[in-house]
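Here is the structure we will look at, set down as structure tokens.
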Amino acid sequence: MENILKLANVEVVYDQIILVLKGLSLTAKKGKITALLGANGAGKTTTLKAISGLLLTENGEVTEGKILFHNQEIQNFSPEKIVRLGIFQVMEGRRVFEELTVEENLRCGSYTNPKNFQKNLEKVYTYFPRLKERRKQWAGYLSGGEQQMLAIGRALMANPKLLLLDEPSLGLAPLLVEEIFAIITKINQEQQVSVLLVEQNARAALNIADFAYIMENGRIVMEGKAQELLNNPDVREFYLGMG
Ligand code: ATP
């Protein structure tokens, strides 16, 4: 199966001094869901920002190694260039524009391909009917779960090839996590969107992922098929709380 993304020995430094990624290597297969798990501060968000280019906006830099998207080197490309290649990051904490309506937020997601706006809008409303019901409402008035849906929907408006999702389960009740993860799976299967999913909710992520990596302190410490990791005694003890 073809790799859509490959990180090879990536080092990331913030402010020219703080080494956060210390030789990280991983691959994401085309059309699959790959999970990246690990405790707080392991460097998961930094990994996504290194891929999306957002690192550059925080005075961070890839100082060693390579990031390949469809075999093209993209490390330290600007965020605009990365979006145009088809990589879209949904940031942690549902960053929606609170003073814009739901539909205006979705329009912002289609700035790279405005002519597909109407078609993509229908697509997003099919996955998230609740957003259609609330399309004229200010995004700031949406519930936490609806804001997460809007953040994912806005990313879909850009016709991404690779979606980088940062903790979509954060702060959501278990039933809602299930609902959102089921929609992520559906989008992955029906839209041929590859997904790199960062999560602290290891169980929810492993349930929908094909392959997973576990990182600690800026490096990958374990990897395997998601189903195998779910049954691995160490993973059960340390990451699933089932010791
Ligand atoms: P969390 O689940 O808490 O978001 P994480 O695994 O996503 O954790 P990161 O957010 O990537 O981890 O942070 C990894 C390390 O990098 C932390 O020690 C953090 O303090 C540091 N770090 C993150 N962003 C910056 C920044 N802009 N400048 C300096 N250091 C940073």
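Indexing begins at 1, ligand by ligand and atom by atom, following the structure's order.
For the atom pair Leu162 CG and Leu196 CG, the distance stands at 6.5 Å (nearest 0.5 Å). Atom-to-atom distance recorded for Leu165:CG and Leu197:CG is 6.0 Å, nearest 0.5 angstrom. Considering CD of Glu61 and CD of Gln75, their distance stands at 10.5 Å, rounded to 0.5 Å.
Of the listed options Gly218, Ala50, Gly41, Ala42, Gly41 places a heavy atom closest to atom 8 (O) of ligand 1.
When only modelled atom types and interatomic distance are considered, Gln147 and Tyr141 share no side-chain donor-acceptor pair under 3.5 Å. When only modelled atom types and interatomic distance are considered, Tyr213 and Thr47 share no side-chain donor-acceptor pair under 3.5 Å. A side-chain donor-acceptor contact under 3.5 Å links Lys29 and Asn3.
Remark: minimum distance from atom 9 (P) of ligand 1 to any protein heavy atom is reached at Thr46 OG1, 3.6 Å. Closest to atom 10 (O) of ligand 1 among all protein heavy atoms lies Thr45 CB, 3.6 Å. Counting only heavy atoms of the protein, atom 27 (N) of ligand 1 lies nearest to Glu58 OE1, 2.9 Å. Looking from atom 3 (O) of ligand 1 to the surrounding protein, the closest heavy atom is Asn40 ND2, 2.7 Å. Annotation: atom 23 (C) of ligand 1 to nearest protein heavy atom, Tyr14 CE1, 3.6 Å. Nearest protein neighbour of atom 2 (O) of ligand 1, counting heavy atoms only, is Gln200 NE2, 3.1 Å. With hydrogens left out, the protein atom closest to atom 12 (O) of ligand 1 is Gly43 N, 3.2 Å, a heavy atom. Protein heavy atom in closest approach to atom 21 (C) of ligand 1: Val20 CG2, 4.0 Å.
Taking a 4.0 Å cut-off on heavy atoms, Glu167 registers as neighbouring ligand 1. Residue contact annotation: Gly60 has no non-hydrogen atom under 4.0 Å from ligand 1. Residue-ligand proximity: Met215 is placed with every non-hydrogen atom at 4.0 Å or more from ligand 1. For the pair Gly38 and ligand 1, no heavy-atom separation below 4.0 Å is found.
Met149 places a side-chain heavy atom less than 4.5 Å from the side chain of Ile180.
Counting heavy atoms of neighbouring residues, nucleotides and ligands inside a 6.0 Å radius, atom NZ of Lys123 exceeds 12 of them.
Just one of Leu68, Thr27, Ile67 meets the side-chain contact (heavy atoms from CB on, under 4.5 Å) condition when paired with Leu5; it is Ile67.
Each of the following atoms of ligand 1 lies closer than 4.0 Å to a heavy atom of Ala39: 6 (O). Applying the 4.0 Å criterion to heavy atoms of Glu92 picks out, from ligand 1, the atoms 4 (O).
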For the pair Leu26 and Glu223, evaluate side-chain contact (heavy atoms from CB on, under 4.5 Å) and give the outcome as yes or no after the intermediate values. CA-CA 9 Å; Leu26 62 78; Glu223 64 180 82; over 6 Å; no
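Taking distance alone, with nitrogen or oxygen atoms compared against 3.5 Å, Ile18 stays at or beyond that limit from ligand 1.
Within a 4.0 Å radius of atom 15 (C) of ligand 1, the protein contributes at least one heavy atom.
A cation-pi arrangement, defined by a distance under 6.0 Å to the six-membered ring centre and an angle within 45 degrees of its axis, is present between Arg154 and Phe97.
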